[in-house]
Amino acid sequence: MTQETKYRICPLCEATCGLELTVDGDKVVQVRGDAQDAFSEGYVCPKGVAIKDLHEDPDRLKVPMVRDGDTWREAGWDEAFSIIEKRLMNIIDEHGRSSVAIYSGNPGVHNLSIGLYASSFIRALSTPNFYSASTVDQRPKELASALLFGTGGTIPVVDVDRCNYLIVLGANPLDSNGSLMTAPNFGERLKRLKNRGRLVVIDPRKTKTAKLADEYLPIRPGSDAIFLLSIIHVLFDEGLTDVGALGSITTGIDEVREAAIPFAPELAAKHCGIPADKIREMARALAKTDGAAVYARMGTSTQEFGTLCGWLPEVIHLLTGNLDQPGGAMFPLAAHGGGNSKGAPGKGKGLRMGRALSRVRQRPEIFGEFPVGGLAEEIDTPGDGQIRALVTIAGNPILSTPNSDRLDKALESLDFMVSLDIYLNETSRRADVILPGLSPLEVPHYDFAFSGISIQNHARYSKPIFPKPEGSQEEWKNLLRLAHIVSDRDRGGNPPDISELDEQFVTQMIRREVGFETSLVYGRDPQELLEALGDRTGPERVLDFQIRTGPYGEGFGADPAGLTLEKIENAPHGIPIGPMQSRLPEALRTVTGTIELAPEMLMEDLLRLKSTLESEPPAMVLIGRREIRSNNSWMHNLKPLVSGKNRCTAMIHSNDAEAYGLEKGDFVDIESRVGALTVEVEITDEIMPGVLSLPHGWGHDMEGSRMGVAAENHGVNSNRLTDEEAMDVPSGTSILNGIPISIRKAIPDSEISETEQVSLIK
Ligand SMILES: Nc1nc2c(c(=O)[nH]1)N[C@H]1C(S)=C(S)[C@@H](COP(=O)(O)OP(=O)(O)OC[C@H]3O[C@@H](n4cnc5c(=O)[nH]c(N)nc54)[C@H](O)[C@@H]3O)O[C@H]1N2
Ligand SMILES: Nc1nc2c(c(=O)[nH]1)N[C@H]1C(S)=C(S)[C@@H](COP(=O)(O)OP(=O)(O)OC[C@H]3O[C@@H](n4cnc5c(=O)[nH]c(N)nc54)[C@H](O)[C@@H]3O)O[C@H]1N2
Ligand code: SF4
Ligand SMILES: [Mo]
């Protein structure tokens, strides 16, 4: 066989790098960064290279798995779906639709099948019990964006390539490659920014990104909202605000000024540990530098004041003239449309939430979801409306969501569970049926989620590199089939005709679109448009329709020079569209048509923040971290990514290590309100005293998983310590950073006599 070169966008993280693969027949020979990619500058990280190992992983599932008692067997698709139909519909018959929950995980936003077709199943099931990884991640930013600008998808993105002064707060893009800001080759972009201007990193840990910065400032976990408010205090106090033309479309500036008055830099310094003169210096730099921004991510999102931390950077951008301006924070415009461009320009329905309350904790739904921190209690608290069945879609909540032990027990107690997953892992081992997807090299790819948060507008599409193997099935077909089952139109009937279901699905979408007055195809005949889409099926047909009717689309003849999927397909390195453009007021979808700078919900949350000013912070808190060769919980089965020294360690400051009698190679017992674990320490001066950092996504020693490599390097599950009751109040997002813990040196088993051992176990 001769070698061929193929191009493929990496689906493994938000950076969306273009990959260049050398393949020989059905084998991958080499993976490199695509130097000609329209966006990613040839960058690739070790995970991208390991896409070959993921493709070849013998533990990756290819056919459905069905549980028989304690054992698993392979099953055909029809058998798997008939089991699901029987058991799920029995539960629905007996207990109603709300007794079935869905948990949707992170890889779904990197997967066209799931991204475009999960909605078919979610709508057909029609349960209020929908959960996702969003409430252990970015929900605070989405909520703040919806309050300010009208939709959860209208998220300002730092224009890093033109920015001249950047504060990175609670993010470590040199290891994570960035989030809510798609910027492949992030490190080089930051180096170029440094050459033009100044980079400041604020983090409890001196991360790789902090080491690159011009200045690194440690911050006490959870105090970011106080820090950000003190910046705003200085902006007003020193007359540094300059809202510019946005002033005429903004409400609430005076309320924000009032709210910031108590947060003088001296008070903030006491709480966050950043000196008052540094706070003033940063406020001045943000106001005076042409092109300045604050990039705040995970460390500020999954903490006690997540939504305030999602809101305040945008207030700073607005007050310093950096919102919607080059070099500041801007709104991308994705080729397929997406969250920040749907509907009529300038005005909309605004945020709608609280249309349902969760049963146990009475939490309001936001964007149709309840907080995943409440999933276990909805399963293990008896009563009307109790969850009895669960479908996970590309999620591993047992390792990813708080109080894993409780959730694990809860999942074990379910009457029925289905996992759409490519591994038999910590979560799917609790399922009765596992429906696997395909290798990323066997599916097409388009970044429907990340092109809406990209620092440059572009359109890139990858065709599958290999055909799907015999006996496997595309996930969109599985989702349509699940949708068909729960729509209960043909119980006990023959397997449905998937192409018919698909046509119904796409026709519904076309019908909706032709009904929008602002659409390029308003009033057109749906049948004519369906025919114009030609022979494509599945996600590619949906995508083609979205691109043709999108902001740069050809509109089915409206603009012949416009984009179609075919045009993008014919550009193997993608089509660059250009830098972000100013989009206000067009991008707004608030009811008032203004930027609502002081939403009542957030002003109220400031009272909660103020009430904490009096309390003493805990002596020791737990935070998380990411590392370049890891990816949440599910890539630890790939040898090149787990070789070398143990990376699942508890980083602790040398002063604390000394105080607790810990030395290199020692293990530490960590205890929180909900759980305890023992882990090796890593003593360092690159973390604040009083803070312990442990990565998440490990703990692959759970009985019943089938991930051989991961089990050998299992590590510990940090979410056995995080507390399911601890949430950011407005958004219901779990607090994963700043968890109060107590620690002590672990005594090796060999040194404990049996009687002593009993007294150590609580
Ligand atoms: N303590 C702590 N906890 C955290 C975080 C933290 O920083 N600290 N981070 C949080 C964040 S940001 C996130 S996004 C969540 C992630 O939470 P989850 O999304 O629940 O977890 P992942 O580890 O991404 O697991 C994804 C699952 O999808 C499966 N999968 C992978 N590819 C495919 C596919 O193509 N099809 C299907 N069907 N399945 C697939 C994997 O096998 C795995 O089971 O974790 C959160 N949890
Ligand atoms: N290699 C790798 N890349 C990934 C992932 C992965 O698991 N591994 N996961 C992907 C996903 S799903 C996401 S959401 C993104 C997340 O990407 P990032 O947002 O960059 O997340 P982290 O790397 O966890 O960085 C969070 C930082 O916040 C700091 N921190 C903790 N508590 C606080 C606090 O209270 N205040 C402040 N200011 N800082 C704090 C931590 O020390 C850490 O350095 O990464 C994505 N990319
Ligand atoms: S940075 Fe992310 S998108 Fe780029 S190669 Fe690595 S995992 Fe893939
Ligand atoms: Mo995430």
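Since we're looking at a predicted model, the values are computed, not measured. Each ligand, and each atom within it, is numbered from 1 in the order the structure gives. Any value given below was found using the heavy atoms of this structure, including those in side chains, with hydrogens, waters and symmetry copies removed.
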Item to complete: Please work out whether any backbone atom (N, CA, C, O) or any side-chain heavy atom from C-beta onward of Asn396 is under 4.0 Å from ligand 1, and answer side chain, backbone, both or neither.
Response: both

Discussion item. Just to be sure I read this right, does ligand 1 sit under 4.0 Å from the backbone of Asn719, its side chain, both, or neither, counting only heavy atoms?
Written reply: side chain

Discussion item. Check Glu442 with Lys468, please: is the shortest side-chain N to carboxylate O separation under 4.0 Å?
Written reply: no

Practice prompt. With heavy atoms of Asp224 as the reference, note each atom of ligand 2 found under 4.0 Å away.
Written response: 34 (C), 35 (O), 36 (N), 37 (C), 38 (N)

Worksheet, complete the sentence: Logged contact type for Asp421 with ligand 1, heavy-atom cut-off 4.0 Å, is both

Worksheet item: Hey, which atoms in ligand 2 end up nearer than 4.0 Å to a heavy atom of Ile202?
Response: 38 (N)

Discussion item. Tell me the protein heavy atom at minimum distance from atom 43 (C) of ligand 2, and give that distance in Å.
Written reply: Asp203 OD2, 3.4 Å

Discussion item. Counting only heavy atoms closer than 4.0 Å, does ligand 1 sit against the backbone of Glu475, its side chain, both, or neither?
Written reply: side chain

Discussion item. I'd like to check whether Asn172 has a polar contact with ligand 2, where a contact means an N/O of the residue lying under 3.5 Å from an N/O of the ligand.
Written reply: yes

Worksheet item: What do we get for Glu627 next to ligand 2 when only non-hydrogen atoms under 4.0 Å count, side chain, backbone, both or neither?
Response: backbone

Worksheet entry | Where ligand 1 meets Gly105 - atom numbers and elements under 4.0 angstrom, heavy-atom basis | 19 (O)

Response to the item:
Numbered in order shown, the ligand 1 atoms found under 4.0 Å of a heavy atom of Tyr423 are 42 (O)

Discussion item. Regarding Arg8 and Asp37, does a basic nitrogen lie under 4.0 Å from an acidic carboxylate oxygen?
Written reply: no

Practice prompt. Would you mind running through ligand 1 and noting each atom that sits below 4.0 Å from a heavy atom of Asn425?
Written response: 42 (O), 43 (C), 44 (O)

Discussion item. Asn177 versus ligand 2: do any nitrogen or oxygen atoms come within less than 3.5 Å of each other?
Written reply: no

Worksheet entry | Under 4.0 Å to a heavy atom of Pro221 - the qualifying atoms of ligand 2, by number | 34 (C), 35 (O)

Discussion item. If we only look closer than 2.8 Å, how many protein N, O or S atoms does atom 6 (Fe) of ligand 3 have near it?
Written reply: 1

Discussion item. Which residue and atom name correspond to the protein heavy atom nearest atom 18 (P) of ligand 2, and how close is it?
Written reply: Ser176 OG, 3.5 Å

Discussion item. Is the contact between Pro107 and ligand 1 made by the side chain, the backbone, both, or neither, using heavy atoms and a 4.0 Å cut-off?
Written reply: side chain

Discussion item. If the cut-off is 4.0 Å to any non-hydrogen atom of Ser718, which atoms of ligand 1 fall inside it?
Written reply: 1 (N)

Discussion item. Within the 4.0 Å heavy-atom shell around Ile628, which atoms of ligand 2 are there?
Written reply: 1 (N)

Item to complete: Identify the protein heavy atom lying closest to atom 47 (N) of ligand 1, giving its residue, its atom name and the separation to 0.1 Å.
Response: Ser400 O, 2.7 Å

Worksheet, complete the sentence: A student comparing Ile422, Leu12, Leu424, Leu61 should find that the heavy atom closest to atom 30 (N) of ligand 1 comes from Ile422

